[in-house]
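Read through the structure below, which is laid out as structure tokens, and then see the notes.
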Amino acid sequence: MIMDQLTLATRTQLTSQTGLEDLIPDLTGDTISFAGGLPDPAQFPKQAISDSFQRVLANNGLDALQYHNAKGYLPLREQLAARLARENTHIDANEIILTQGAQQGLDLTAKLLLNKGDHIVVEAPTYVGALAAFAAYEPRYHEIPLENDGLDLTLLNKVLLTQKIKLIYTIPNFQNPTGIVMSLAKRQQLIELANRYDVIILEDDPYHDLRFAGESLPSLKALDTEGRVISLGSFSKVLAPGLRIGWLVAAPALLRQIRYLKDGADLESPTLPQQVISDYLIHNDFDAHLDSLRKNYLVKRNWMLDALRKNLPAGFTYTQPEGGFFLWLTGPKSLNFERLLREEVAPKEHLLYVPSTHLYASNQVLNSARLSYATYDQATIELGIQKLSRALTAEALRLNA
Ligand SMILES: Cc1ncc(COP(=O)(O)O)c(C=O)c1O
């Protein structure tokens, strides 16, 4: 077999170590998965998107099927700039590049900045897909724990004092995996620290519009005073991930370089979905759609919180997110959520979650798990939490025996 004769690049070996594929099996018919960050498919505006596809092909079809450029469809960039301006992020359409999801923004930013061995800060825990993207560039991680209001800035300050950090990666809103929101005071302090220590901040904000409780806060990009924030957004969670369109906002000098990297990666994001989204925004009330998403996810979050309250054994805590898709469940120190998933919960209960081990750059923390409430109806969420609670109760008894 050809693979036996090949020596894979170091980056390939590193990337495969971060994957969840071996851990989380393909879904069988009766498996309930709280693992993926899949939006509720009932909320996809299928008819409106279909109408937009037809309109774009009928009215502008030859252009929509042609090559264009790496920056992406200008009218959509202008629509995004106008939406961002409503929230006091005043940028020009030329400071936006349309990417294949926020995921590509993670890869391009790492490619832009990181040499092998460069020091970067990530939240602990963090988004597994970011670790997968960064791994290829072989950085050295400094994990900063999250407090209830975001990064522990005292610890961050210490790291910045002693190490030359190049990049701070943060998900300030409804953090994946914890659901935590960074407070306004911390956002301001983070910008100050980045200015003081000459660091780039990578703000990953795909859940931005999915706040269903509490007050919305300015993005880091809105607070940026020196053009050091690269900010990522996405239509995946608010329209449909199958469109694969996100965006990256950066200061012009950085964006120019990112554009060259994107040329090399894929020439451009697919034009047809960009034009479809632009058309969708013209012909539909997107704000009303977002309102309905927020209501829907609030109800789902409450279903999961109620089910946890009713069924979980003592000794567990969990976050109560004000938006987004995820909550973070933490058990007694001796609990190993990964072993439990592999040996008990997946094979016997046909239930999936993401164990914390994979969500820390250091892979060190065993006793937490990420649960997504976004995908299912009430009955399925309740059934899934009952299954999980049954396994956790048995495990707690075993640990105490
Ligand atoms: C924090 C975070 N960043 C980026 C992504 C990637 O999203 P996209 O579909 O826009 O590539 C996700 C998806 O789950 C995410 O949770």
Side-chain angles (χ1 to χ4, degrees), residues 18-21 24 33-41 43-44 49 72 76 80 96-111 120-135 146 150-151 167-182 201-211 219-221 229-249 258 262 265-266 269-270 273-274 277 293 297 319 321 323-328 352-354 356 358-361 369-375:
T18 57
L20 287 173
E21 265 171 32
I24 296 185
S33 177
F34 294 143
L38 278 62
D40 179 356
Q43 299 298 317
F44 295 149
I49 290 176
L76 181 55
L80 277 170
I96 302 177
I97 190 166
L98 295 171
T99 54
Q100 298 214 38
Q103 188 66 30
Q104 188 181 36
L106 296 170
D107 181 59
L108 291 175
T109 305
K111 205 178 216 169
I120 74 171
V121 160
V122 292
E123 292 168 328
T126 190
Y127 168 48
V128 66
L131 294 176
F134 298 159
L146 286 169
L151 280 168
L167 179 70
I168 298 173
Y169 169 62
T170 175
I171 307 159
N173 289 315
F174 327 116
Q175 200 252 8
N176 180 356
T178 59
I180 285 171
V181 173
M182 190 188 295
I201 295 175
L202 177 56
E203 169 181 45
D204 186 9
D205 201 11
Y207 304 95
H208 181 91
D209 285 317
L210 294 180
R211 176 182 278 284
S219 67
L220 291 167
K221 188 73 211 161
V229 177
I230 298 176
S231 190
L232 307 179
S234 177
F235 287 106
S236 288
K237 315 292 176 179
V238 289
L239 220 42
L243 294 166
R244 298 309 304 132
I245 298 296
W247 61 92
L248 181 153
V249 181
I258 289 176
K262 183 157 167 72
D266 61 1
S269 303
Q274 296 176 46
I277 293 172
L293 289 185
Y297 288 122
T319 54
F325 286 2
F326 307 111
L327 60 78
W328 187 240
L352 303 176
Y353 53 76
V354 185
S356 51
H358 290 255
L359 304 176
Y360 285 82
R370 186 190 78 176
L371 304 180
S372 165
Y373 44 79
T375 320

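When a ligand or atom number is given, it counts from 1 through the structure's own listing order. Positions are given from 1, in the same order as the sequence printed here. Side chains are part of it too, since the values below use all heavy atoms of this structure and drop only hydrogens, waters and symmetry mates.
Of all protein heavy atoms, the one closest to atom 16 (O) of ligand 1 is Tyr207 OH, 2.6 Å. The nearest heavy-atom contact from the protein to atom 10 (O) of ligand 1 is Ser234 OG, 2.5 Å. When hydrogens are left out, the protein atom nearest atom 9 (O) of ligand 1 is Ser236 OG, 2.6 Å; that is the closest non-hydrogen contact. Scanning the protein heavy atoms around atom 5 (C) of ligand 1, the nearest turns out to be Tyr127 OH, 3.4 Å. Among protein heavy atoms, atom 13 (C) of ligand 1 sits closest to Lys237 NZ, 3.0 Å.
Looking only at side-chain heavy atoms (C-beta outward), Arg244 and Pro273 stay at 4.5 Å or farther from each other. Phe235 has its side chain within reach of Leu80: a pair of non-hydrogen atoms, C-beta onward, lies under 4.5 Å apart. For the pair Thr178 and Pro125, the minimum side-chain heavy-atom distance is below 4.5 Å.
Closest heavy-atom approach to atom 1 (C) of ligand 1 among the candidates Asp204, Thr99, Asp107: Asp204.
If you number the atoms of ligand 1 from 1 as listed, the ones under 4.0 Å from a heavy atom of Ile171 come out as 1 (C). Applying the 4.0 Å criterion to heavy atoms of Gly101 picks out, from ligand 1, the atoms 8 (P), 10 (O), 11 (O). For ligand 1, the atoms sitting less than 4.0 Å from at least one non-hydrogen atom of Asn176 are 1 (C), 15 (C), 16 (O), numbered in the order shown with element in parentheses. The Pro206 neighbourhood of ligand 1 comprises atoms 1 (C), 2 (C), 3 (N), 15 (C), with distances under 4.0 Å to a heavy atom of that residue.
Using a non-hydrogen distance threshold of 4.0 Å, Pro241 does not register as a contact of ligand 1. Ligand 1 does not have Gly37 within reach: every non-hydrogen atom of the residue lies 4.0 Å or more from it. Residue Arg244 places a heavy atom less than 4.0 Å from ligand 1.
Formation of a donor-acceptor pair under 3.5 Å by the Thr375 side chain with backbone atoms of Leu38 is found in this model. Not a single donor-acceptor pair under 3.5 Å links the side chain of Thr99 to the backbone N or O of Gly105. In this structure a side-chain-to-backbone donor-acceptor pair under 3.5 Å is present from Thr319 to Trp328.
Distance check, rounded to the nearest 0.5 Å: CG of Leu202 to CG of Leu248 gives 8.0 Å.
If you look at Phe325 and Phe174, their ring centroids are not closer than 6.0 Å.
For Thr126, there are no side chain to side chain donor-acceptor pair (under 3.5 Å) partners at least two apart in sequence or on another chain.
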